[in-house]
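One structure is given below, encoded as C-alpha cells.
What you are looking at is a predicted structure, and each value in this text was computed from that prediction instead of being measured.
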Amino acid sequence: MGRLSISAICFVLLLTGKAAAGWYQVDNYEGSIGPNPVHLSLQRYDSFGSGITVEGSYFYDAEQSPIAVYGKISGTSVSLCEIADDKEFDQVLVMGSKTPVDTTGCPFSLNVGERGATGTWSKGPDKFPVTLKKVASLDNNGKAKIDGTVEIPFWAQTATHRFAGVYEKAGFLACMTKLQVINKKRKKIVQVIRFGGDDCNAGILMTAIYMNVQKQTERNLEVISVNFGGSSSGYTQDYVFSVRTKKYHQLVD
C-alpha cells in the first residue's frame, strides 16, 4: 500500500480525536486457514469511523504478503473484510467511507476467545475452517501491557520485502524497538533497524498501528517511512533501499 502524506496523517488523527499514544489494543494470532498456515494481527478500537471497530493485517506463511482487513466486533463475534487494492485502501482505511460499512459477505467470520479464535473464511465457492491461537498482545490504554513477543505485520510492503515491527515496554510506555525487514521469497529476516535512546516514540503515531511504516517510490528508489510520536502531529524518518548493499539506509537532510 502507498504512503500517507503528512496532511493525511493529521486528518486521521483529527478524525479519531486522538493525538497521542494510548489507543492500541492488539492481539496476535497464529494458526491456519484450511491447510494453509497464517499469522493474523487485530487491533480493536471504539471506532475507526464508518462503523469499523477492528482493523488488522494477516499473511499466509507461504506468501509473506500482508493483507489489510477491517470489520466489526459484536461480543465475541468478529466479521472481517479484506482490502483488495490501493483504491479501496484509500477509500476505506485512509479517508473513511461516507456511509457505514457493511461486512455482510466478507470472508472472515470468527468467534474470538481469550486463547484464540475459530470460524470460517469463505469467498465464492471456497470455504475453509479457521483455527487460531493467541500468541501475543499489546495494550497501551493506560500503563502499557505486553504479553509474548509482539510483532506487527505492517500494511506497507514491496515486491521483495515485508516489514514487521517488534514492540516492547519501556517503563510505562510501549513502542517499536526494532523494525525487521523480511525477504518474502526467502521467508527470512535480512535486516533489523533499531530504535532507542531516551524516547519511546517509534511506531506509535497512527491510529491503526499497521500504518506506522509506509512505502513510497521516489525516482525509481524504494523508500520506507517510519512514523514517530512525541508531538501533536508526529514526524517520520525515511529509509531508502540501496541496490548495492541490499539494505535500507536512513536519509538525512
Ring centers of Tyr58, Tyr29 separated by less than 6.0 Å: no

Single-linkage hydrophobic cluster, 4.5 Å side-chain cutoff, Val213 and Val26 together: yes

Cluster check Ile146, Met176: I/L/V/M/F/W/Y, side chain < 4.5 angstrom: yes

Atom pair CZ/CD1 of Phe128 and Ile33 - distance to nearest 0.5 Å: 9.5 Å

Verify same cluster id: Ile193, Ile182 (apolar side-chain graph, 4.5 Å): no

Exercise: do Thr177 and Glu168 side chains pair donor with acceptor under 3.5 Å: yes

Atom pair OG1 (Thr158) and CD (Gln216), whose distance is rounded to the nearest 0.5 Å: 13.5 Å

Approximate separation, where rounding is to 0.5 Å, of Leu205 CG and Ser225 OG: 11.5 Å

Considering all heavy atoms, the nearest Ala174-Leu138 contact: CB-CD1, 3.7 Å

Donor-acceptor pair, side chain of Ser57 and main chain of Pro153, under 3.5 angstrom: yes

Side chain proximity check, Leu80 to Val54, heavy atoms < 4.5 angstrom: yes

Pair Asn140-Leu173, side chain to side chain contact (heavy atoms under 4.5 Å, CB included): steps then yes or no: CA-CA 7 Å; Asn140 74 343; Leu173 304 175; over 6 Å; no

Centroid separation His161 to Tyr248 less than 6.0 Å: yes

Derivation and outcome, side chain to side chain contact (heavy atoms under 4.5 Å, CB included), residues Lys247 and His249: CA-CA 6 Å; Lys247 303 286 186 181; His249 299 274; 3.7 Å; yes

Residues Gln191 and Lys246: side-chain donor-acceptor under 3.5 angstrom: no

For the student: nearest non-hydrogen atoms of Thr53 and Lys72, plus distance: OG1-CA, 3.4 Å

Side chain proximity check, Val69 to Leu42, heavy atoms < 4.5 angstrom: yes

Charged N-O contact under 4.0 Å between Glu82 and Lys123: yes

Expected output: side-chain Lys127 to main-chain Thr120 donor-acceptor under 3.5 Å: no

Within 6.0 Å of CG in Asp46, more than 12 heavy atoms from elsewhere: no

Rounded distance (nearest 0.5 Å) linking atom NZ of Lys145 with atom CG of Asp139: 6.5 Å

Minimum heavy-atom distance between Ile204 and Trp23, given as atom pair plus value: O-CZ2, 3.8 Å

Side-chain donor-acceptor pair present, Tyr45, Gln43, cut-off under 3.5 Å: no

Nearest non-hydrogen partners of Phe48 and Arg44, listed with the distance: CE1-C, 4.4 Å

Test item: side-chain donor near acceptor, Thr236 and Asn227, under 3.5 Å: no

Contact check, side chains of Phe241 and Leu221, non-hydrogen atoms, under 4.5 Å: no

Heavy-atom side-chain contact between Lys87 and Phe89 under 4.5 Å: no

Between Arg162 and Gln157: side-chain donor-acceptor atoms closer than 3.5 Å: no

Check: Phe163 ring centre within less than 6.0 Å of Phe154 ring centre: no

Student check: side-chain heavy atoms of Glu222 and Lys215 closer than 4.5 Å: no

Evaluation steps, side chain to side chain contact (heavy atoms under 4.5 Å, CB included), between Ile52 and Ser47: CA-CA 6 Å; Ile52 297 172; Ser47 176; over 6 Å; no

Residue pair Thr76, Leu110: steps toward the side chain to side chain contact (heavy atoms under 4.5 Å, CB included) verdict: CA-CA 8 Å; Thr76 61; Leu110 302 176; over 6 Å; no

Main-chain N/O of Ser77 paired to Ser74 side chain as donor or acceptor, under 3.5 Å: no

Phe228 CZ to Cys175 SG distance, which is reported to the nearest 0.5 Å: 9.5 Å

Donor-acceptor contact present, side-chain Glu55 to main-chain Leu93, <3.5 Å: no

Hydrophobic cluster membership, Trp121 vs Tyr70, 4.5 Å side-chain cutoff: no

Euclidean distance, Lys133 NZ relative to Asn28 CG, rounded to 0.5 Å: 13.5 Å

Pair Thr118-Asn111, side-chain donor/acceptor within less than 3.5 Å: no

Nearest non-hydrogen partners of Gly56 and Tyr210, listed with the distance: CA-CE1, 3.5 Å

Donor-acceptor contact below 3.5 Å, side chain Asn212 vs main chain Ile209: yes

Whether Phe59 and His39 hold their rings parallel, tilted or perpendicular, with breakpoints at 30° and 60°: parallel

Connected via hydrophobic side-chain network under 4.5 Å: Val166 and Met211: no

Leu40 to Leu132 - nearest heavy-atom pair and separation: CD2-CD1, 3.5 Å

Val78 vs Phe108 side-chain heavy atoms within contact, under 4.5 Å: no

Gln250, CD: over 12 other non-hydrogen atoms inside 6.0 angstrom: yes

Sidechain-backbone polar pair: Glu63 side chain, Tyr60 backbone, donor-acceptor under 3.5 Å: no

